[in-house]
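Please read the structure below before turning to the comments.
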Number of protein chains: 2
Amino acid sequence: MHITLEADYAVRIVHCLARNARRMDAKSISDETGVTLRFSLKILRKLVSAGIIKSYKGTQGGYEVARPLDEITLNDIIETVEGPFTLSRCLKGDYSCGQNCGEGCDCVFRGIYEEISQEVQQKLSAVKFSDLVKNK
Amino acid sequence: MHITLEADYAVRIVHCLARNARRMDAKSISDETGVTLRFSLKILRKLVSAGIIKSYKGTQGGYEVARPLDEITLNDIIETVEGPFTLSRCLKGDYSCGQNCGEGCDCVFRGIYEEISQEVQQKLSAVKFSDLVKNK
DNA sequence: GCTATAGAGGACTATTATAGTATACTTTTG
DNA sequence: CAAAAGTATACTATAATAGTCCTCTATAGC
């Protein structure tokens with residue numbers, strides 16, 4: 001019913017990198033966001049794979065945002081961690097509503113759920129980190 | 001991240017009552033929706049408490065919708081089962097985001113999450129069962 | 001006023017998803 | 001080549017969801 005803590009953390013981690021505007025190692029990120037180091041590392045890796053942040057190994061290594069802040073949206077982060085926002089399981093490939101919700105059953109609700117889900121995705125995509133950092 | 005199965009079932013159960021437009025006992029509802037009898041009973045009770053449907057005990061007992069179909073919305077059902085839709089835990093009383101997401105920390109994201117959540121609630125409130133039954 | 005039918009209430013259990021940790025490995029810089 | 005960092009994956013714990021069971025109460029019809 002709500003986004004996971006992990007996604008919430010991911011958002012805060014990117015926000016942390018965005019507002020500090022410098023390379024930071026996992027420890028500093030963990031300290032500043034309050035997310036445990038290990039869990040931070042896990043989330044950071046996902047963000048790296050998604051191309052939202054870049055990582056550097058070795059001494060002086062750490063993480064930086066990978067692109068301009070106005071090209072990173074809330075939706076990017078959330079989708080990276082938990083896939084596209086969907087209001088109902090109807091909208092995920094595997095799930096089939098029992099049956100009988102009408103004849104033929106391409107389910108009365110599916111269309112509505114889909115429409116709302118897409119609007120949420122759009123809203124989340126409209127929120128850029130450049131704005132989030134400015135009026136902090 | 002998505003509404004629970006229970007809420008989904010609740011929606012289907014009310015839809016079932018709405019389109020049949022007659023008193024039905026739990027067994028028939030269970031058969032028609034594919035939700036197990038026991039779980040149906042549990043959900044039905046919640047819907048009764050919320051005043052969305054009425055129940056009748058004894059022989060010939062069962063359930064009926066409690067008000068006109070254009071006064072029952074998708075949001076009514078979902079809210080009954082799992083409370084108002086909230087995109088993030090930020091929006092629930094108990095939860096506090098770690099800290100440090102800016103000074104003072106009434107958290108940058110809270111406003112955005114709240115706005116989107118309210119829009120979802122409005123969208124769900126706009127869907128009346130009278131419409132859902134018509135164009136099944 | 002009994003009896004069968006149907007719902008109410010709440011405690012309980014199982015399953016799954018989320019949250020978080022540990023361990024072993026690789027890369028980079030000085 | 002050693003220390004500092006990130007990578008990868010497997011594992012465990014916790015909490016939320018999903019679903020069941022048992023006992024009780026009300027009502028309609030005989």
Side-chain angles (χ1 to χ4, degrees), chain A residues 1-13 17 22-31 33-64 66 78 80-83 86 88-89 92 94-95 97-98, chain B residues 1-13 17 22-31 33-64 66 78 80-83 86 88-89 92 94-95 97-98:
Chain A
M1 181 180 137
H2 27 61
I3 58 172
T4 58
L5 259 186
E6 190 183 8
D8 196 82
Y9 291 162
V11 168
R12 292 173 200 283
I13 284 171
L17 283 170
R22 61 178 173 85
R23 185 179 300 182
M24 295 178 81
D25 69 353
K27 181 66 171 56
S28 314
I29 294 170
S30 164
D31 287 345
T33 57
V35 181
T36 67
L37 178 59
R38 302 250 179 221
F39 206 21
S40 295
L41 283 165
K42 189 175 189 175
I43 294 167
L44 284 162
R45 263 179 279 130
K46 291 190 187 179
L47 293 168
V48 170
S49 306
I52 293 166
I53 63 179
K54 277 186 290 195
S55 71
Y56 301 87
K57 287 186 170 185
T59 328
Q60 303 299 103
Y63 302 87
E64 295 171 7
I78 293 173
T80 294
V81 175
E82 57 185 50
T86 49
S88 165
R89 333 199 174 204
K92 297 203 148 169
D94 48 339
Y95 178 80
C97 89
Chain B
M1 182 182 135
H2 27 61
I3 57 171
T4 59
L5 259 188
E6 190 183 8
D8 195 82
Y9 291 162
V11 168
R12 292 173 200 284
I13 284 171
L17 282 171
R22 61 178 173 85
R23 185 178 301 181
M24 295 179 80
D25 68 355
K27 182 66 171 53
S28 314
I29 295 170
S30 164
D31 287 346
T33 57
V35 181
T36 67
L37 178 58
R38 301 247 182 224
F39 205 22
S40 295
L41 282 165
K42 189 176 189 173
I43 294 167
L44 284 161
R45 263 181 278 134
K46 291 190 186 178
L47 293 167
V48 169
S49 306
I52 294 166
I53 61 178
K54 276 186 290 194
S55 72
Y56 300 88
K57 287 187 169 184
T59 329
Q60 303 300 100
Y63 302 88
E64 294 171 9
I78 292 173
T80 294
V81 175
E82 57 185 51
T86 49
S88 165
R89 332 197 175 205
K92 297 202 149 172
D94 46 340
Y95 178 80
C97 90

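Reckoned from all heavy atoms, side chains included, excluding hydrogens, waters and symmetry mates. Throughout, protein chains are lettered first and strands after them, A, B, ... in sequence-line order, and every chain is numbered starting at 1.
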Rounded to the nearest 0.5 angstrom, the OG-CG distance for A/Ser55 and A/Leu47 is 11.0 Å
Can you tell me how far P of D/dT17 sits from NE2 of B/His2, to the nearest Å? 11 Å
Please determine if B/Arg23 and B/Glu64 form a salt bridge, counting it only when a charged side-chain N lies under 4.0 Å from a carboxylate O. yes
Do B/Val48 and B/Tyr63 make a side-chain contact, defined as non-hydrogen atoms from C-beta onward lying under 4.5 Å apart? yes
Spacing between A/Ile43 atom CD1 and D/dT7 atom C1', to the nearest angstrom: 15 Å
Under a 4.0 Å heavy-atom criterion, the protein footprint on nucleotides 3-12 of chain C, written with B, S and -, is --BBSSBB--
Rounded to whole Å, how long is the line connecting atom NZ of A/Lys54 with atom P of C/dT28? 15 Å
Spacing between B/Leu5 atom CG and C/dT15 atom C1', to the nearest angstrom: 12 Å
Tell me whether the OP1 or OP2 atom of D/dT20 has a side-chain N or O from B/Thr36 closer than 4.0 Å. yes
About how many Å separate CG of A/Leu17 and NZ of A/Lys54, when rounded to the nearest 0.5 Å? 12.0 Å
Considering only distance and modelled atom types, tabulate donor-acceptor pairs under 3.5 Å from the side chains of residues 38-46 of chain A, sequence neighbours left out.
{"residue": "A/Ser40", "atom": "OG", "partner": "A/Val35", "partner atom": "O", "Å": "3.3"}
{"residue": "A/Ser40", "atom": "OG", "partner": "A/Thr36", "partner atom": "O", "Å": "2.9"}
{"residue": "A/Lys46", "atom": "NZ", "partner": "A/Glu6", "partner atom": "OE2", "Å": "2.9"}

For residues B/Asp31 and B/Ser28, is any side-chain donor paired with an opposing acceptor at under 3.5 Å? no
Below 4.0 angstrom from OP1 or OP2 of D/dG6, is there any side-chain N or O of A/Arg23? no
Rounded to whole Å, CZ of A/Phe39 lies from C1' of C/dA17 at a distance of 12 Å
